[in-house]
Undergrad: 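Below: one structure in structure tokens.
Quantities reported herein were computed from a predicted structural model and do not represent experimental measurements.
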Amino acid sequence: MKIINIILLFLIINLAYCHNSINKQNNNKNDININQYNNIDINNIDDKVLLKRLGYDTNGTKCDVCTYGINEIQKMIITEKGPEDIKAWAIDLCTYLRIEKPQVCEGLIPLFMGMAKNVLSFPGVNGEFVCGYVGFCPYKPSNYTPEVIFPKPKPPHVPVVPPSPGSPTMKILHLSDIHVDPIYEQGMNADCGEPLCCRAVNGPGKGSNAAGKWGHYSCDVNLLMVGSMFEFIENEFGNEIDMVFWTGDNPPHDIWEQTFDGQLNSSLLVTNLVKKYFGSSKIFPAIGNHESLPVNSFPLPPGSSWLFNALASDWSDWINTDEQVKTLQWGGYYTLPVQNGIRVVSLNMNWCNNGNLWMVENGTTDAAGMLQWVIETLQASEDIGEKVYLVGHIPPGIADCVDIWSEQFFQIVNRYEDTIIASFYGHTHRDEFEIYYTQDENNPNQTRPSSVVYVTPSVTTYQHQNPSFRIYTVDAQTGYVMESSTYHTDLSQANLNDKPTWLLEYNATKAYNMPDLTPTSWHHAVSNMTADSSLFEKYYNYYYSSSPYPESKPCTSDSCKLDFICKMSSATYLKYYECVHQKITEHLSNEPNDQLKVSRKVNILLDLQNYLNNDTLKSC
């Protein structure tokens, strides 16, 4: 698949998020001109200026070009250019720039035509605003209020007390990013040059590019492998699975060929599999960015009712009270009790998805009223001493989540830290975690870890991932997470032996030498990984589910390690940038020469940018 370095066209912006081999955060990094830092006093560097130079396009390439593309389409709309003219222009440009193969451009562009015309017709929407929303220009809607108002003051923090050994437990199965491809075909070409391969239309593959019986690292998972995984879970754990967190992305990555019926059928297919194997458990689904059509497209309510109503019907065995169905059909979110004293809040994280361009309407900062609903729900739980699991698809700390939304959500999580047990997401396809930090009440000049985000690796093999799932062992009374156990099968061995072997990959407490899974223990784990290269290497291997990829692309550079450490330590993308700056400053603290310090700092930033632009895989 092609690397997209610039996006010239609104209709194909979404390609930058889902169909290149680079992590989307790479597109938010920009060339840093070392001459800009000549004669700068290291002690007077403005953090905001530095972050802007890291995060936004100050030399005018991506921002200006993206703005130009949007404005040109708006001119076509204003001059009443026919939709066929606009479509032809977009397809020609997509093909000319070799963003994708002609057949992909011809299939994808028409899917985005309706959204493009509607969004670009909103009052006040222009190229700079749209390009700011997707991360190529600065973005701050006029109606944005940075400080969240809560109904009640935050009560004094009560530190978590881990349950006693031997106390009764429950098990939670976490499945995410299944992306099952029903028409995957063994022997077909896995390197076809399209976003998704391994299908009959791609023709036979040769050698390592031939799709294996049980799957291929470059393609979506097939039904045979999903069936094997689910059968193993059923046989291994049986009735021990009390809950299932199923955090979205059911359809395959064939986004240029999708239809409304096909999208609904993909979700129904996975729903029926979950019911078949785990029907006796309590199921808590969440909506992914791939469930809609086109991908990432979630119009403000009631524009997504075709999808939300269908899912409400599919999930009616689990979500069936009037209030639950009402919020699901309205905004794709809901809350359900687990038992007395514990509930689940399922979020539709597409309301923070910066690939969802419908969100530029009126500068929306709380689409479908979900943030306010979350506050009200958490407040009600706090009032009665109830604890909450948050589940969703897109983790709030990554580039895919609009940062002004993520910053507000960050405040909500920290306000209700004693109510929220933990958060559970997917989307990245990787095995990772994020830590929230809040101000330390006992030391206002310091922060302390306040909450943990668990990101489970994907069921799909797309890309370079062994098929995986996770089991959380939790205290039966409090819901406190006692263990996080990740399972997988080695895809290469499955194809070699004609049979998957499902194994426990690791338990988090043992792998990272933690006494428990409190936020403080996760914080210490990050500190240990920073100091211990072998422990960090273990994490990096688990990140890709122990696939062959980390061995072929080891994370040995300072830039690679910096990226990972700061991702672990950041629950918003702005916090990631702040972490990068802080870690570099700490690293250079013993350098006595200020000008040399500046030079070394810029070199590290340049190296980080080069790493992100060339060595980071994208999955979505």
Undergrad: Sub-3.5 Å donor-acceptor pair from the side chain of N528 to the main-chain atoms of L535, do we have one?
TA: no
Undergrad: Quick one: does any side-chain atom of Y425 pair with a main-chain N or O of F433 as donor and acceptor, under 3.5 Å?
TA: no
Undergrad: Determine, using ring centers only, whether Y437 and H523 are less than 6.0 Å apart.
TA: yes
Undergrad: As a quick check of understanding, evaluate side-chain contact (heavy atoms from CB on, under 4.5 Å) for I283 and F278, giving each step before the final call.
TA: CA-CA 8 Å; I283 314 293; F278 315 117; 4.2 Å; yes
Undergrad: For N235, look at atom CG and say whether over 12 heavy atoms of other residues, nucleotides or ligands are found less than 6.0 Å away.
TA: yes
Undergrad: Would you say S406 and D403 are linked by a side-chain donor-acceptor pair, where the criterion is simply a distance under 3.5 Å?
TA: no
Undergrad: Would you check if the side chain of S521 reaches a backbone N or O of P515 as a donor-acceptor pair within less than 3.5 Å?
TA: no
Undergrad: Using distance alone, with no hydrogens and no angle criterion, decide if S546 and N541 have a side-chain donor and acceptor under 3.5 Å apart.
TA: yes
Undergrad: What I'd like to find out is whether the side chain of V388 reaches to under 4.5 Å of the side chain of V344, using heavy atoms alone.
TA: no
Undergrad: Regarding T486 and E505, do their side chains bring together a donor and an acceptor under 3.5 Å, going by distance alone?
TA: no
Undergrad: Parallel, tilted or perpendicular, judged at 30° and 60°: which one describes the rings of F469 and F232?
TA: tilted
Undergrad: Is any side-chain heavy atom of R470 closer than 4.5 Å to a side-chain heavy atom of D431?
TA: yes
Undergrad: Please determine which of V474, T518, T473, V161 meets the side-chain contact (heavy atoms from CB on, under 4.5 Å) test together with Y480.
TA: T518
Undergrad: Check the orientation of H429 and Y462. Use parallel for under 30°, tilted for 30 to 60°, and perpendicular for over 60°.
TA: perpendicular
Undergrad: Is the cationic atom of K538 (NZ for Lys, CZ for Arg) positioned less than 6.0 Å from the six-membered ring centroid of Y512 and within 45 degrees of its normal?
TA: no
Undergrad: Does K171 offer a backbone N or O that forms a donor-acceptor pair with the side chain of D242 under 3.5 Å?
TA: yes
Undergrad: Contact between D181 and N222 at the side-chain level, heavy atoms closer than 4.5 Å - yes or no?
TA: no
Undergrad: How far apart are the closest heavy atoms of K561 and S533, and which atoms are they?
TA: NZ-CB, 4.3 Å
Undergrad: Do K387 and R343 have side chains that approach each other closer than 4.5 Å (heavy atoms only, starting at C-beta)?
TA: no
Undergrad: Under 4.5 Å between any side-chain heavy atoms of I471 and I172, yes or no?
TA: no
Undergrad: Quick one: sort the W405 and F409 rings into parallel, tilted or perpendicular, breaks at 30° and 60°.
TA: parallel
Undergrad: Any side-chain heavy-atom pair from Y573 and D400 closer than 4.5 angstrom?
TA: no
Undergrad: Can you label the angle between the F424 ring and the Y472 ring as parallel, tilted or perpendicular, going by 30° and 60°?
TA: perpendicular
Undergrad: Does a sphere of radius 6.0 Å around CD in E586 hold more than 12 heavy atoms from other residues, nucleotides or ligands, not counting ones at 6.0 Å or beyond?
TA: yes
Undergrad: Verify ring pair (Phe, Tyr, Trp, His ring centres under 6.0 Å) between Y539 and Y542, making sure each step is shown before the conclusion.
TA: CA-CA 5 Å; Y539 174 82; Y542 292 154; 8.1 Å; no
Undergrad: May I ask you to test the N466-T461 pair for a side-chain heavy-atom distance under 4.5 Å?
TA: no
Undergrad: Should the SG of C560 and the SG of C555 be checked, would they turn out to be under 2.5 Å apart?
TA: yes
Undergrad: Crowded around E234 CD? As in, over 12 foreign heavy atoms under 6.0 Å?
TA: yes
Undergrad: Do R430 and V455 make a side-chain contact, defined as non-hydrogen atoms from C-beta onward lying under 4.5 Å apart?
TA: no
Undergrad: So how far is it from D254 CG to D220 CG, rounded to the nearest 0.5 Å?
TA: 8.0 Å
Undergrad: Please answer whether the main-chain N or O of T456 pairs with a side-chain N or O of S176 as donor and acceptor at a distance below 3.5 Å.
TA: no
Undergrad: Between S468 and S545, do the side chains contain an N or O donor and an N or O acceptor separated by less than 3.5 Å?
TA: yes
Undergrad: Classify the ring geometry between H464 and Y549 as parallel (under 30°), tilted (30 to 60°) or perpendicular (over 60°).
TA: tilted
Undergrad: Would the distance check show the side chain of T247 and the main-chain N or O of A286 forming a donor-acceptor pair, the cut-off being under 3.5 Å?
TA: no
Undergrad: Go through the side-chain N and O atoms of N507 and T509 and say whether any donor and acceptor fall under 3.5 Å apart.
TA: no
Undergrad: Can you tell me if D418 uses its side chain to pair, donor with acceptor, with the backbone of V158 under 3.5 Å?
TA: yes
Undergrad: Whether the side chain of E291 engages the backbone of D249 through a donor-acceptor N/O pair (distance < 3.5 Å, no angle test) should be reported.
TA: yes
Undergrad: Kindly say whether S164 contributes a backbone atom to a donor-acceptor pair with the side chain of S167 at under 3.5 angstrom?
TA: yes
Undergrad: Checking the side chain of Q477 only, and the main-chain atoms of T169 only, is there a donor and an acceptor separated by less than 3.5 Å?
TA: no
